[in-house]
Protein chains: 2
Amino acid sequence: MSSDTPALAEVLRANGLRVTAQRQLVLDAVTTLGHATAEQVHESICDRVAGVNITTVYRTLDLLESLGLVGHTHLSHGAPVYHLAGDRGQVHLVCHRCGAVDEVSPEVFGDVRRSLEEQRGFLLDVGHVALFGICSSCEMANQ
Amino acid sequence: MSSDTPALAEVLRANGLRVTAQRQLVLDAVTTLGHATAEQVHESICDRVAGVNITTVYRTLDLLESLGLVGHTHLSHGAPVYHLAGDRGQVHLVCHRCGAVDEVSPEVFGDVRRSLEEQRGFLLDVGHVALFGICSSCEMANQ
DNA sequence: ATATATGCAAAGGCTTTGCACCTAG
DNA sequence: CTAGGTGCAAAGCCTTTGCATATAT
C-alpha cells in the first residue's frame, strides 16, 4: 500500500516538509483503520514495523490534520478518533448507554448546515460531528 | 439560592442518597454558571465556601448526571462542560480556529432528530451535541 | 551540510481510585 | 450507630514538551 491517498509525498514537498517513512505509515494506518485513536494508529503501525514512537504518531496526526489530509472527532470521554479528511465526513452516532458507535451520511445535516450558514455564518464541519443519544437496541432493552 | 432547581433534596432522598452541602453547592454552581467545566464549578464554589475538594466536585457531577439533573458536552479537546439537564439543551457551536463557543437553539435539529429516529431508531440527545466548524469572524479574517 | 524529524524520558492536564475520617440518617 | 460521603494523596490515562540524535534534502 502506497498509492492509497492522493500523493502524501507531493503535499509534503509542496509545503517544504520532509517525506518520511513514519508519515506514510501514519497516513496508511488511518486509511486502513477508517477511524482510530492515536494509540490504535500506533498499534497498527507496530504490527507492520517496529520502533515507531507514539510521540511521533501524535505529532504526525497533528501535521496531517493541519495539511488537511486527516481530521478528528471526539466520540466520547476518551481519546479523539482520526479519519481521512477525504471521507466526506461520516457522522458518528454514539450511544450513551452502551457506547456503540454507528455512522450516518452527512446528508442528514443538509438543512442544519444551511441554517447555520445563513443565520450565523458558521461553516459546519460535518467530519467533526459526533451525536450522542440512545441507540435502538438500548431503547428497546430499556423500555 | 436554594429553590432554583426542582428539589435536589427530594431527588436524593427518593434514591436513598444523602443530602449534603457539597451536593447543593455543586448543583447551584452549575445552575449559576450555565455551562462550566468541573474545575470552573470548583472555583465557583470556592468563591462562596472554603474547603470543598475538586474530587468531590467530580464525584458529585457524575452523581447528578446519573440522577438526570445535569448533563455534559464535549466542546473541544479539553474538559467537558456541565449544564442543567432541564435546559432543553443548547447546541454548542465550536470554532476550530479561534475556539469561540456560540450557542443555537436545539430547534435547528428538528429534522435531523426526526430522520435519525425514523431511519435508525436513534434518540438524539441534543443537550450533548457540539458542532465544530469555522465561525463567521474567522471565516472573514481568513478568506 | 543543515534544517527538520524522530525517539526517549519527563512533565503536563484532567480525572479516578484507595483509604481513613467524618457525617447525615 | 453505621452506611454512605468527603478529603487527601497518589496513581491513571492521554498528550505535549525538551533535548540529544538521526536523517531527508
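None of these values were measured; they are calculated from a predicted model. Scope of the values below: all heavy atoms of this structure, side chains included, with no hydrogens, waters or symmetry mates. Every chain is numbered from 1 and lettered A, B, ... according to where its sequence line falls, protein lines coming before strand lines.
- One distance of note links CZ of B:Arg23 with CZ of B:Arg59; it measures 10.0 Å at 0.5 Å rounding.
- In this structure a side-chain-to-backbone donor-acceptor pair under 3.5 Å is missing from A:Asn15 to A:Leu17.
- Within the 4.0 angstrom heavy-atom criterion, no nucleotide atom of any strand lies near B:Gly16.
- Rounded to whole Å, the distance from CD on B:Glu65 to C1' on C:dT15 is 14 Å.
- Between A:Arg23 atom CZ and D:dA24 atom P there is a gap of 11 Å when expressed in whole angstrom units.
- Separating the CG atom of A:Asn53 from the P atom of C:dC8 is a distance of 6 Å, rounded to the nearest angstrom.
- B:Gln40 places a side-chain N or O within donor-acceptor distance of the main-chain N or O of B:Thr37, the cut-off being under 3.5 Å.
- Atom P of nucleotide D:dC14 and atom CD of A:Glu43 are separated by 10 Å, given to the nearest angstrom.
- In this structure, the separation between CG on B:Asp28 and CG on B:Leu8 is 8.5 Å, given to the nearest 0.5 Å.
- Distance B:Gln24 CD to D:dG5 P: 14 Å, rounded to the nearest Å.
- The side chain of A:Tyr58 places no N or O atom within less than 4.0 Å of a non-bridging phosphate oxygen (OP1 or OP2) of D:dT16.
- With sequence neighbours left out, the ring-ring contact (aromatic ring centres under 6.0 Å, His included) criterion links A:His92 to A:His35.
- Going from atom NE2 of B:His42 over to atom P of C:dC14 covers 14 Å, rounded to whole Å.
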TODO: Treat primed atoms plus P, OP1 and OP2 as sugar-phosphate and everything else as base, then score nucleotides 19-25 of chain C 5' to 3': B for base contact with protein heavy atoms under 4.0 Å, S for sugar-phosphate contact only, - for none.
DONE: ----BBS

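- An OP1 or OP2 oxygen of D:dT23 is reached within less than 4.0 angstrom by no side-chain nitrogen or oxygen of A:Gln22.
- The phosphate of D:dG7 (OP1 or OP2) has no side-chain N or O of B:Thr55 nearer than 4.0 angstrom.
- Look at CD1 on B:Ile54: it is 17 Å from C1' on D:dA11, rounded to the nearest Å.
- Rounding to the nearest 0.5 angstrom, the gap separating the OG1 atom in B:Thr60 from the CD1 atom in B:Ile45 is 7.5 Å.
- The separation between A:Asn15 atom CG and D:dA24 atom P is 19 Å, rounded to whole Å.
- Taking the side chain of A:Asp62 as heavy atoms from C-beta on, and the options D:dC14, D:dG7, D:dT16, the nearest nucleotide is D:dT16.
- Separating the NE2 atom in A:His42 from the OG1 atom in A:Thr55 is a distance of 8.5 Å, to the nearest 0.5 Å.
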